[in-house]
Amino acid sequence: MHKATDVRLGRIVRLLMDHATVVVSGTKIAEEIGTSRSEVWRLVQQLRELGVDVAGHPATGYQLRAVPDLLLPEMIAPLVKRTIFAADHTRHIHHYYKIGSTNSEAMNAAADGAPEGSVFLAEEQLTGRGRGAHSWHSARSAGIYCSVILRPAFLPRTRCCFRWLRLAVRAAVLELRNWRSI
């Protein structure tokens, strides 16, 4: 079982992005996320291990060198406002740097009563699977590995609508990708 990403990592990235033109002190970061300066240092080291380019300035603080290409809840929350995914994003958007399968995690959470709209994102999947339990290799940060819990109230004969839903999701992802490249 893989552990969900520490939410403090996303908070640090969001804080550094919000103050992109200045160096943010370790003390300021510690106050904002409710931890110690030494824990901030450890978390920044963890971000670096994950490929986030954070400059450390001795005795002054930290600064992002580049905007990271991560699917952290704090980074995607502004993009999902006024959608089914927006209701308390810290609880319903689950991020993993490495996981067996987002699909398996979503099915387990759904069985445990997770609400509709719960999202499971990963930077890398070790045992990714899709329709019909087909598996594929999901390289780190090379795609959007995502599963969503939906609890539609419809008759079985309307299942063909999911084909259209898949097409709509694909179109939305392509539009978002084009928007991010601007």
Side-chain angles (χ1 to χ4, degrees), residues 1-100 102 105-106 109 112 114-126 138-149 172-173 175-182:
M1 181 83 155
H2 294 278
K3 198 169 82 171
T5 302
D6 187 332
V7 296
R8 297 175 301 174
L9 295 176
R11 291 181 187 146
I12 291 172
V13 170
R14 172 55 57 199
L15 182 65
L16 294 175
M17 286 177 62
D18 289 346
H19 297 88
T21 60
V22 297
V23 174
V24 181
S25 74
T27 302
K28 167 80 169 159
I29 296 170
E31 288 171 2
E32 291 285 327
I33 68 170
T35 193
S36 67
R37 283 180 43 205
S38 61
E39 183 67 4
V40 168
W41 179 85
R42 190 188 68 73
L43 292 167
V44 168
Q45 292 304 109
Q46 196 174 347
L47 284 169
R48 288 176 175 150
E49 289 171 13
L50 296 165
V52 178
D53 194 4
V54 180
H57 300 278
T60 58
Y62 303 96
Q63 186 174 27
L64 282 179
R65 289 187 181 130
V67 176
D69 189 19
L70 297 173
L71 300 168
L72 297 170
E74 290 77 7
M75 297 181 72
I76 63 172
L79 303 173
V80 298
K81 286 182 180 172
R82 295 182 302 276
T83 70
I84 189 175
F85 310 110
D88 191 4
H89 72 276
T90 57
R91 274 194 344 197
H92 301 302
I93 299 178
H94 308 274
H95 179 271
Y96 302 84
Y97 279 100
K98 188 181 287 189
I99 193 171
T102 60
E105 192 69 21
D112 290 341
E116 180 175 42
S118 294
V119 179
F120 298 82
L121 298 160
E123 302 298 325
E124 178 180 8
Q125 290 188 115
L126 303 175
S138 308
R140 182 175 173 208
S141 298
I144 298 175
Y145 311 122
C146 174
S147 296
V148 179
I149 295 176
V173 168
E175 183 178 327
L176 179 61
R177 187 175 67 189
N178 291 335
W179 175 78
R180 287 184 71 187
S181 66
I182 295 176

I want to check something: taking the side chain as every heavy atom from C-beta on, are [X] and [Y] in contact at a cut-off of under 4.5 Å?
X	Y	result
L15	I33	no
I99	L126	no
R8	T35	yes

Donor-acceptor pair, Q63 side chain versus A20 backbone, under 3.5 Å? yes
Residues at least two apart in sequence or cross-chain that pass salt bridge (charged side-chain N to carboxylate O under 4.0 Å, His left out) with R37, listed by chain then number, are none
CA sep, side-chain torsions, deciding dist, call: L16, V52, side chain to side chain contact (heavy atoms under 4.5 Å, CB included): CA-CA 11 Å; L16 294 175; V52 178; over 6 Å; no
With sequence neighbours left out, what residues match [X] under side-chain hydrogen bond (donor to acceptor under 3.5 Å, both in side chains)?
X	answer
T21	none
T60	none
T102	Q125, S147

- Flag for S38-S36: side-chain donor and acceptor within less than 3.5 Å: yes
- Tell me yes or no: between the side chains of E124 and Y96, is some donor less than 3.5 Å from an acceptor? no
Residue pairs passing the salt bridge (Lys or Arg N to Asp or Glu O under 4.0 Å) test with at least one member in residues 46-61, sequence neighbours excluded, are D53-R65
Quick note, salt bridge (Lys or Arg N to Asp or Glu O under 4.0 Å) partners involving residues 13-28, not counting sequence neighbours, are R14-D18, K28-E32
Applying ring pair (Phe, Tyr, Trp, His ring centres under 6.0 Å) to Y145 and not counting sequence neighbours gives none
Taken in chain and number order and not counting sequence neighbours, the residues that satisfy ring pair (Phe, Tyr, Trp, His ring centres under 6.0 Å) with Y62 are none
Between the CD1 atom in I29 and the CD1 atom in I12, the distance rounded to the nearest 0.5 Å is 6.0 Å
One should read off an interatomic distance between S118 OG and D112 CG, to the nearest 0.5 angstrom, of 11.0 Å
